[in-house]
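One structure is given below, encoded as C-alpha cells.
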There are 2 protein chains.
Amino acid sequence: MELSERKQKILKAIVDLYIRTAEPVGSKTIAAMPDMDFSPATIRNEMAELTNLGFLEQPHTSAGRIPSPAGYRFYIDRLMQDYRLSVDETQSINQAMELRMQEFDRAMSKVGKLVSQLTNLPAYAMTSHTESVKVRRFEVLPAGEASFILVVMTTDETVKNKLIKLPLHITEADLKLLSAVLNASLTEISAEQFTPELIDRVTRSAGAASGLVPIAVDFAVHVLENCRRAEVYLTGQNRLLGQPEYQDLTRAQEVLSALDEDTISNLPAKLDPNSPVQILVGPENVAQELKNTSVVVTRFDIGEGMQGMIGVVGPQRMDYAQITARLSYFAEGLGRMFGKPELPEAKKEE
Amino acid sequence: MELSERKQKILKAIVDLYIRTAEPVGSKTIAAMPDMDFSPATIRNEMAELTNLGFLEQPHTSAGRIPSPAGYRFYIDRLMQDYRLSVDETQSINQAMELRMQEFDRAMSKVGKLVSQLTNLPAYAMTSHTESVKVRRFEVLPAGEASFILVVMTTDETVKNKLIKLPLHITEADLKLLSAVLNASLTEISAEQFTPELIDRVTRSAGAASGLVPIAVDFAVHVLENCRRAEVYLTGQNRLLGQPEYQDLTRAQEVLSALDEDTISNLPAKLDPNSPVQILVGPENVAQELKNTSVVVTRFDIGEGMQGMIGVVGPQRMDYAQITARLSYFAEGLGRMFGKPELPEAKKEE
DNA sequence: CTTTAGCACTCATTGCCCCTGAGTGCTAAG
DNA sequence: CTTAGCACTCAGGGGCAATGAGTGCTAAAG
C-alpha cells in the first residue's frame, strides 16, 4: 500500500520535527511550516488517517502526534534525507581517529568512547569473527626462574599470552620440546578438534614437559573460545540520561541494566550484508528491555577474517540521518585504518 | 574533644538507621529503639548538640537529622561494628572467584563486574605499579609473509604484542638481528632512558633491520607508558540509579559523567599503607563532582611490583561496614589468587 | 543538674480544585 | 476535496488548605 505524496510529506515533517523537539507535533505547527499549503484542518484529517494506518501515535487525546515504530521505519527507509557531514564534523572525526591504535583491545575501547562522543549517546564497539578461528602457532618463551610465557597466535591475528609459573624446574630443552610438540599437533585445527585422544597422544610425546601440555591446551582452548565470543566495549551510558525520554528513572535503569555485554553481542540478530548501516527501531529489537530504544550499527573491516562493529543505543526518537552519517564515516575511517597493511612511517631520523 | 558515651550511642543509632532507610531520623524513632532508655526530649537535646558539633545535619527545620560527612567519618573510625560475612556470602564470593582468570586484562574487567554485583554499586578495578617498569625482553616472531609480531615483556610481567606489517620483505636473519640488538641495548632501562642518541646508535647497529628499530622503540615506549598509566575497568554505573539519592537525574548524571577513567585513577590521592581498606567520605574526595559520593577502595597483591585496586562508588549513605567487609574479603581472595605462584593442577589423565 | 512532659511552631508533602491552552474530531459551508 | 468553526478532551500548573512529622523551648519533676 502506498502513501499519497502529501501524506508522506506530512509524515516526514512530523518525524523531523519530533526528532528535533521531542514533543508531540500538532496540526497547526505543521500547517505553519513554509511549503505546507494546507490548512490545519486538512493536516488533521491526514494525521488521523496516518494514525489509523499505524504510522503515528497519540500519547493522549489532547496532544499532538508522535511517530510510531512503523512511522520511524517508513521514515528511515523512504523519507529520511541523507545528512551531509559538515567540514567541521569530518575534521573532528578525522582528528579523533588520529589516535595511534597500538594494541587492538585498547583501541576498541577507545573506538567505543569516540563513537559515544560523536553521537552523544551510549555506544559500543566490538569485534566479531567471520570464520572459525584456529591456532596458528605456539611460542614458548622462558621467563626467569621457574616460569615461562606461553604465546598463542591464532589465525585471526590475535596473540594472547599467559605467564605460567611452576614449582619445579624446567630446562630450555623441555620448553623447546613442548613448543615443537604443540606446534606439530595442535595448530591449524579448531577448538572442536582438540579431542581427549589427541591431547593424550600429544601429552605422551612431550617427554619431560608432559605435565605442561594440559595447561597449554587449556589455555589454547580458552583463547579460541574467547576469540569466538566477541569482545564488547560499552561506554557513555550516562549520555542516555541526557535524553528527555529517560528522565523517567525507571525507564533509564531498565535500559541501562539491560545493556550488558551479552545483550549487546546479540543485538543485531542478522546483519544484512547489503546495507552497511543497520537500524533497529524499538520493537524490532529482540531484547524485550530494548523495545523502546533504537540501535544503529555498522561494521568495518579489520581484515583476516574479522570485523569490527560499532553501534549506538538511544531513544527511538534519534536523529537517524545524522547518526548514520557520522557512524558510517567513522567506520569507513576505521576500515581504512585497520583493514589495510600498515605502512612504515617516515621517521625523522633516517 | 570527646563525645559522651550517650552521644556516641545516639549518633551510631542515627547513622545505622539512616544507612538502612535513607530517610532523616527523628528523635522519637531513636527513643523507641530498645536499649534507648531516654525520652525523645532528651534525645532531641543530644541531637541538637550533635548538630552544633557538626556531626549531624538537618535537611530542613521540620525534618529529622541525617549524618554530616564528619558524622560518617566518626562513625567509620569509631562506631561502626565489623560486619560479619554470612556463610552464604562467603560462599557466593568464593564461587564468583572460581572464574579461572586466564588473561590479566580480561580478568580485571571481570573483577570489576563482580565487585559491582557484590556491592550493588558502581565499581571499578584497576592495576597500578609500585616500581618503575622496564622492558625485560623483546621477542621478534615471524608471522607470515611480510609481517612479524613484536612481543615486549616488561619487568612487571605484562606481555604486550603488536603485529607489524611491512610492504618490504624481511628475512629471518633480519629479525634475529633486530631481536639481538633490541635485547642488547634497550632492556632493563626505563622509558626515560630511551634517549635519541641511544636509539640512533641502536638503529645504526641493526643493519638491514634498521628501519624497524624506530617502530619497535615506539611500541616499547608506548607499552611502558601504558604500564605506568593504570588500566581502569568501570562497571555497574546503572546501579547508581537504584540509590534513592540519585533519583534526581541531574545529580546522577553529574556523578556518572565524572566517572571516567581519569578521575578514577586519581581517586585515592594517597593510599594509606597501614589500613587495607580506605574510605573517602563525600567531600574528602578531591574531585569536586564526587563531593556527594563516597568511595571505598582496597588493594590486593599481584606480585612483581604490581598491585590491583578495587573500589566502589556510591552515596555517602552507604553500608560502609558491609561493603568494607565484602570488598576486603574479595580482595584477599584475589591476592591469594594472583599473588602466589600458580600450582599446576592435578589433571584427570596423568 | 538532668530528664521529661507539654506546647507552640515550622515546613515539606499531599491532595484537591480549578484554570488554561494546546490539540483534537466532527460538521457544515465554500 | 478543502476549510472554517465549534464543542470537547485532557495534561500540566498554580493556588490553597490540611496533614503530620519533627523541632526548640520552657517549666515542672526527679
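Quick note on labels: first sequence line is chain A, next is B, and so on, each numbered from 1.
Put simply, CZ on A:Arg44 is 18 Å from P on D:dC1, counting in whole angstrom units. Regarding B:Leu56, its CG atom lies at a distance of 11 Å from the P atom of D:dG24, rounded to whole Å. Look at CE on A:Met47: it is 16 Å from P on D:dT2, rounded to the nearest Å. Atom pair A:Ile66:CD1 and C:dG23:P shows a separation of 14 Å (rounding to whole Å applied). Between B:Leu50 atom CG and D:dG22 atom P the separation is 17 Å, expressed in whole Å. Rounded to whole Å, the distance from CG on A:Asn45 to P on C:dA28 is 15 Å.
Between B:Gln8 and B:Phe74 the shortest side-chain heavy-atom distance falls below 4.5 Å.
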Please test A:Asp248 against A:Thr250 for side chain to side chain donor-acceptor pair (under 3.5 Å), starting from the C-alpha separation and ending with a verdict.
-> CA-CA 6 Å; A:Asp248 180 357; A:Thr250 53; 3.0 Å; yes
A:Gln322 vs A:Tyr83, side chain to side chain donor-acceptor pair (under 3.5 Å): CA-CA, chis, key distance, verdict = CA-CA 5 Å; A:Gln322 190 188 59; A:Tyr83 176 86; 3.2 Å; yes
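Closest to the B:Gln58 side chain, of the nucleotides D:dG5, D:dT23, C:dT4, is D:dT23. In this structure, the nucleotide among C:dT4, C:dA12, C:dG25 sitting nearest to the side chain of B:His60 is C:dA12.
Each of B:Ser62 and B:Ser39 was assigned the nucleotide of DNA chain C with the nearest heavy atom; the assignment lying further toward the 5' end belongs to B:Ser39.
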